[in-house]
There are 2 protein chains.
Amino acid sequence: MNHQDRSYKDKKVISIGTVSELTGLTLRQIRYYEERKLIAPYRNERGTRKYSFIDIETLMDIADKREDGVQTTEILKEMKLKEKQRESDAEVRKKMLRGQLNAQFNIGRERN
Amino acid sequence: MNHQDRSYKDKKVISIGTVSELTGLTLRQIRYYEERKLIAPYRNERGTRKYSFIDIETLMDIADKREDGVQTTEILKEMKLKEKQRESDAEVRKKMLRGQLNAQFNIGRERN
DNA sequence: CGTGTAAGGAATTCTGACACG
DNA sequence: CGTGTAAGGAATTCTGACACG
């Protein structure tokens with residue numbers, strides 16, 4: 001996935017009515033999940049909410065969990081946890097790469 | 001670019017006001033280019049136009065050409081020409097692949 | 001040809017609030 | 001807590017048309 005594509009997923013350009021159609025959620029629900037900090041739409045000049053495709057995916061996850069009876073507070077915790085996991089995974093990858101580079105460098109030195 | 005990403009670029013979910021902001025074109029211009037068949041937004045149940053990111057890219061190309069004084073008829077021709085080129089390119093790729101497969105097959109036969 | 005604009009109507013979106021369970 | 005709903009106002013979008021160069 002290149003930069004260009006990423007920008008599409010992230011770009012907040014979809015209005016709430018369309019999001020409602022795409023997710024099957026009511027306007028009320030979508031706005032409420034925002035109130036509970038589960039999503040953060042962009043607001044244009046005159047306050048209209050704009051969502052990205054990522055927001056839509058998040059909303060669909062939320063919908064599934066709500067159907068299973070999970071409360072918004074719990075969903076928020078889960079989302080934050082996953083965020084932390086992604087961060088630490090990225091950290092691990094960075095360290096592994098550094099380790100490999102060091103190994104390479106040492107092999108190079110041994111040969112001289 | 002996987003299927004998932006493609007669907008984002010192609011999905012017609014952006015309303016004309018947002019497209020106007022993103023492209024710098026007026027509503028009038030955007031609707032006119034549709035009249036001239038340069039773009040084909042989706043229409044939802046009650047007739048509201050919905051555009052994709054691809055449509056937006058196309059509109060930006062159109063804007064550039066219009067600035068250079070190219071008429072919409074010419075732009076339409078250019079777009080159709082490019083479409084044909086893409087088709088024939090795909091055709092060539094398919095033939096090349098077929099050729100390679102045949103070659104492979106023949107080599108296999110020679111060995112037996 | 002390409003674009004602006006005023007016109008009238010219909011649908012969208014927003015907020016704050018009351019309701020219910 | 002999560003969601004529905006009615007309320008009032010502001011902005012959006014649509015179409016068909018006249019205007020201009």
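Note: hydrogens, waters and symmetry copies are ignored here, and every other heavy atom, side chains too, is used. On a predicted model such as this, the values are computed, not experimentally measured, just so you know. Residue numbers begin at 1 in each chain, while the letters A, B, ... track the order of the sequences.
With sequence neighbours left out, the side-chain hydrogen bond (donor to acceptor under 3.5 Å, both in side chains) criterion links Thr48(B) to Arg46(B). Looking at residues two or more places apart in sequence or on another chain, you find a salt bridge (charged side-chain N to carboxylate O under 4.0 Å, His left out) between Lys65(B) and Glu78(B). A search for salt bridge (charged side-chain N to carboxylate O under 4.0 Å, His left out) contacts involving Arg43(B) returns Glu34(B), not counting sequence neighbours. Applying the side-chain contact (heavy atoms from CB on, under 4.5 Å) criterion to Lys95(B), with sequence neighbours excluded, gives Glu91(B), Arg98(B). For Tyr32(B), the side-chain hydrogen bond (donor to acceptor under 3.5 Å, both in side chains) partners two or more places apart in sequence, or in a different chain, are Arg36(B). For Ser52(B), the side-chain hydrogen bond (donor to acceptor under 3.5 Å, both in side chains) partners two or more places apart in sequence, or in a different chain, are Asp55(B). In this view, Glu21(A) satisfies the salt bridge (charged side-chain N to carboxylate O under 4.0 Å, His left out) rule with no residue, not counting sequence neighbours.
Between the CD1 atom of Ile62(B) and the C1' atom of dG2(C) there is a distance of 13 Å, rounded to whole Å. Nucleotide dG4(D) holds its P atom 14 Å from the CD atom of Glu35(A), rounded to whole Å. Residue Tyr33(A) contributes atom OH, which lies 13 Å from atom P of dC1(D) at whole-angstrom precision.
DNA chain C lies under 4.0 Å from at least one heavy atom of each of the following residues of residues 66-77 of chain B: Arg66(B), Gln71(B), Thr72(B).
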Nucleotide by nucleotide, 5' to 3', does protein get under 4.0 Å of the base (B), only the sugar-phosphate (S), or neither (-) in nucleotides 10-16 of chain C, counting heavy atoms? -SSSBB-
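In DNA chain D, stems built from 3 or more consecutive Watson-Crick or G-U wobble pairs, each with both distances under 3.5 Å, span C:1-5 with D:17-21, C:17-21 with D:1-5.
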Polar atoms only, N or O, under 3.5 Å: list the protein pairs with nucleotides 17-21 of chain D and their distances.
none

Could you tabulate the donor-acceptor pairs under 3.5 Å formed by side-chain atoms of residues 79-87 of chain A, not counting sequence neighbours?
{"from": "Glu83(A)", "atom 1": "OE1", "to": "Arg86(A)", "atom 2": "NH2", "distance (Å)": "2.9"}

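Contact annotation: Tyr32(B) reaches the phosphate of dG2(C) (side-chain N/O to OP1 or OP2, under 4.0 Å).
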